[in-house]
Amino acid sequence: MVMKVDPSKKWTGPVRPYDIIKEGVIAVVVVAVLAGGLSLLFSSPDDKAVTLKSWSNNNAADFVVTATGELAGTTTSAGYGAPYNHAGNGPTLGPLKLQDWVGVHIPVDPANDFVVKPLLMLNDGNATAAVDTWNAATVDQQTKWASSYADALGKSGGATSVADAKNQFGPVPGMVSSLLGMAKTGALDGALTTSETPLPTDFTKPLLFLADSEGYFADMASKQHLSGDQWGVMNETGSWPGQSWLWLFSFWYQVEPFKSSGNADTLVMTLMGLLTLSLALFPFFPIIRKLPYKIPIHRLIWKKWYARKL
Amino acid sequence: MSSSAQSVKKDKNWTSRLRKSTLETMEPQDLLPDNQPAYVASWIYVFGVLTIASLLMLITTGLILTLEGPSWWHISSVGHFFNSMHLWSVELFFVFMVVHLWGKFWMAAWRGKRTATWVTGVLAFGTSIITALTGYLIQTNFDSQWIATQAKDGFNAMGIGAFFNTLNTGQAILLHVALLPLVVGVIVIWHILLVRRKGVVPPIDNDSTIEGGAF
């Protein structure tokens with residue numbers, strides 16, 4: 001006999017014994033044993049945090065190039081735009097400039113915040129004199145000095161300073177050299193985090209500075225297969241599983257047109273938002289909601305029930 | 001409109017309206033059942049309760065980590081063990097949740113006015129992903145630093161980064177420990193109550209009403 005079932009009505013057919021509390025307790029024990037066993041077997045990764053001190057001591061040349069780039073306005077942070085500054089436009093979604101809609105909410109001026117202001121905290125005569133010369137110059141002159149020094153450093157093959165034979169670098173070598181010394185002692189870490197409060201929990205400035213490094217921070221991430229082109233969003237350091245549930249998010253960054261688009265972040269975030277909304281609305285999509293009927297996986301799920309009816 | 005729905009509408013008393021639209025919609029047997037329809041006999045049903053068990057394990061290990069603060073696990077082997085438990089619990093949580101979600105898809109579990117159950121399940125999935133991300137942001141190690149610098153671009157690109165600053169560790173800690181577990185918890189409880197109230201969706205074939213359905 002075929003039984004007609006209205007899924008919206010309360011079930012009045014045959015039942016079987018069930019103990020929801022017992023099932024819950026067993027499930028908790030199973031998960032505890034699984035998580036505990038996996039923890040004992042594989043533990044969890046903990047690669048030590050990077051500081052401006054460790055960066056400047058381990059790769060002084062990269063630190064100097066990045067600091068000079070901050071003064072020249074050529075780093076990622078220096079040209080970022082909202083929510084940090086007005087230096088860039090950021091990605092767009094067609095005519096929509098979503099990144100700009102709130103404006104500058106977390107003000108960061110990389111040249112001043114990462115280099116100039118910390119140097120003034122040093123109370124060092126040479127550093128202060130170099131900053132005074134810098135501040136007295138026009139923006140064009142500052143950019144010319146810093147860009148010339150950045151070019152010279154680039155051609156030096158990894159030097160941490162270059163002699164100013166043609167007198168074209170202005171105070172920049174002195175400023176960068178003083179900043180390097182400050183960073184090597186760890187004082188720059190403190191200067192960037194405590195500029196607003198003596199007990200900081202906000203690491204926006206040192207992390208933005210660190211992220212501007214192309215030869216140290218990004219290299220470390222690449223070696224740990226964490227870069228964007230290595231599906232880094234879903235990876236973890238070492239061989240541990242990371243946020244594997246972000247696989248689809250990570251996937252879009254590996255394929256065109258997202259891979260080479262300057263608007264990839266906006267496009268991928270929008271797409272994932274729409275896909276998540278679609279998942280929630282599956283019951284309303286005529287084709288999708290019929291799939292469980294067309295592909296009879298439910299025959300496996302309710303195998304015992306269907307066998308019982310026959 | 002049913003007579004009970006009409007009485008709820010006419011009732012001016014907020015308390016009795018809340019009681020009628022919540023507690024009185026369920027029998028004790030619905031909330032704590034000692035039997036189930038005979039068709040509830042498959043391993044796929046285990047993944048829902050395993051997801052909840054993993055969430056309980058996450059809350060428990062998270063509370064233990066909270067007691068000693070965010071740096072504890074870097075310097076204590078006991079702290080590191082509980083951090084590992086927290087990590088593996090979240091890995092299990094998502095595995096179980098995804099299997100549960102796809103199981104429910106192939107059962108077309110939104111049938112019979114169960115759309116809200118499906119939607120709250122997807123909401124729980126989405127908010128869990130955000131909660132997990134904030135967890136990865138507060139590891140206070142190299143991984144969290146790298147994730148913070150990369151994730152900021154995604155949120156900034158949508159104009160959200162101004163309010164959720166991934167580089168602000170203090171903000172991420174508060175979101176992960178206080179606000180987001182509360183949001184996930186409320187959605188999961190709502191989801192479970194809907195499951196208990198509506199009952200487990202019956203097998204697909206021979207439905208007299210199939211597909212879709214209203215809230």
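All chains are named by letter (A, B, ...) in the order of the sequence lines, taking the proteins before the strands, and each is independently numbered beginning at 1.
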In terms of heavy-atom pairs under 4.5 Å with chain A, which of [options] leads?
| options | result |
| --- | --- |
| B:Gln171, B:Lys152, B:His86 | B:Lys152 |
| B:Asp30, B:Asn35, B:Asp34 | B:Asn35 |
| B:Leu87, B:Thr120, B:Val95, B:Asn165 | B:Asn165 |
| B:Phe82, B:Trp43, B:Phe93, B:Phe81 | B:Phe81 |
| B:Gly159, B:Ala132, B:Gly161 | B:Gly159 |
| B:Ile52, B:Thr169, B:Thr60, B:Val201 | B:Thr169 |

With respect to chain B, which residue among [options] yields the maximal number of heavy-atom pairs within a distance under 4.5 Å?
| options | answer |
| --- | --- |
| A:Ala49, A:Ala27, A:Gly24 | A:Ala49 |
| A:Leu300, A:Thr276, A:Thr12, A:Thr270 | A:Thr270 |
| A:Leu34, A:Leu38, A:Val28 | A:Leu38 |
| A:Phe42, A:Phe203, A:Tyr18 | A:Tyr18 |
| A:Phe285, A:Phe282, A:Phe249 | A:Phe282 |
| A:Leu267, A:Asn235, A:Leu291, A:Val31 | A:Val31 |

Test item: [X] side-chain N/O and [Y] main-chain N/O as donor-acceptor pair under 3.5 Å:
| X | Y | answer |
| --- | --- | --- |
| B:His176 | B:Gly135 | yes |
| B:Trp88 | A:Ser43 | yes |
| A:Gln230 | A:Ser222 | yes |

Chain A heavy atoms under 4.5 Å from [X]: which part of the residue, side chain, backbone, both or neither?
| X | result |
| --- | --- |
| B:Tyr39 | both |
| B:Val90 | both |
| B:Tyr45 | side chain |
| B:Phe96 | side chain |
| B:Gln150 | neither |
| B:Trp118 | side chain |
| B:Leu92 | side chain |
| B:Leu133 | both |
| B:His74 | both |
| B:Arg197 | neither |
| B:Ser54 | both |
| B:Met57 | side chain |
| B:Leu32 | both |

At a heavy-atom separation under 4.5 Å, does [X] approach chain B through its side chain, its backbone, both, or neither?
| X | result |
| --- | --- |
| A:Pro206 | neither |
| A:Ile106 | side chain |
| A:Ile288 | both |
| A:Val50 | both |
| A:Lys10 | side chain |

Exercise for review: Report yes if the side chains of B:Leu174 and B:Leu179 come closer than 4.5 Å at any heavy-atom pair, otherwise no.
Suggested key: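 A side-chain contact is absent here, since even the closest heavy-atom pair is not under 4.5 Å.
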
Review point. Would B:Met85 and B:Ile64 satisfy side-chain contact (heavy atoms from CB on, under 4.5 Å), going step by step from the backbone distance to the final call?
Key: CA-CA 11 Å; B:Met85 285 279 285; B:Ile64 292 168; over 6 Å; no

Practice item. For this output row, return yes or no: ring centroids of A:Phe217 and B:Phe142 closer than 6.0 angstrom. Key: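 Yes, the ring centres sit under 6.0 Å apart.
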
Review point. Are the aromatic rings of B:Phe105 and B:Trp110 close, with centres under 6.0 Å apart?
Key: yes

Tell me, yes or no, whether the heavy-atom count around [X] atom [atom1], taken from other residues, nucleotides or ligands under 6.0 Å, exceeds 12.
| X | atom1 | answer |
| --- | --- | --- |
| B:Glu27 | CD | no |
| B:Trp106 | CH2 | yes |
| A:Ile287 | CD1 | no |

Where [X] and [Y] come nearest, the two heavy atoms and their spacing:
| X | Y | result |
| --- | --- | --- |
| A:Leu98 | B:Ala157 | CB-O, 3.4 Å |
| B:Arg111 | B:Met107 | NH2-O, 2.9 Å |
| B:Leu65 | B:Gly79 | CD2-O, 3.8 Å |

Exercise for review: Using a strict cut-off of less than 4.0 Å between a Lys/Arg side-chain nitrogen and an Asp/Glu carboxylate oxygen, indicate whether A:Lys9 and A:Asp6 qualify as a salt bridge.
Suggested key: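 So A:Lys9 pairs with A:Asp6 through a salt bridge.
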
Practice item. Applying side-chain hydrogen bond (donor to acceptor under 3.5 Å, both in side chains), run through A:Asp212 and A:Ser77 and close with a yes or a no. Key: CA-CA 7 Å; A:Asp212 286 335; A:Ser77 299; 2.8 Å; yes

Practice item. Just say parallel, tilted or perpendicular for the rings of A:Trp101 and B:Phe163, cut-offs at 30° and 60°. Key: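 Judged by the thresholds at 30° and 60°, the geometry between A:Trp101 and B:Phe163 is tilted.
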
Practice item. Examine the side chains of A:Thr237 and B:Asp143 and answer whether a donor and an acceptor come within less than 3.5 Å of each other. Key: no

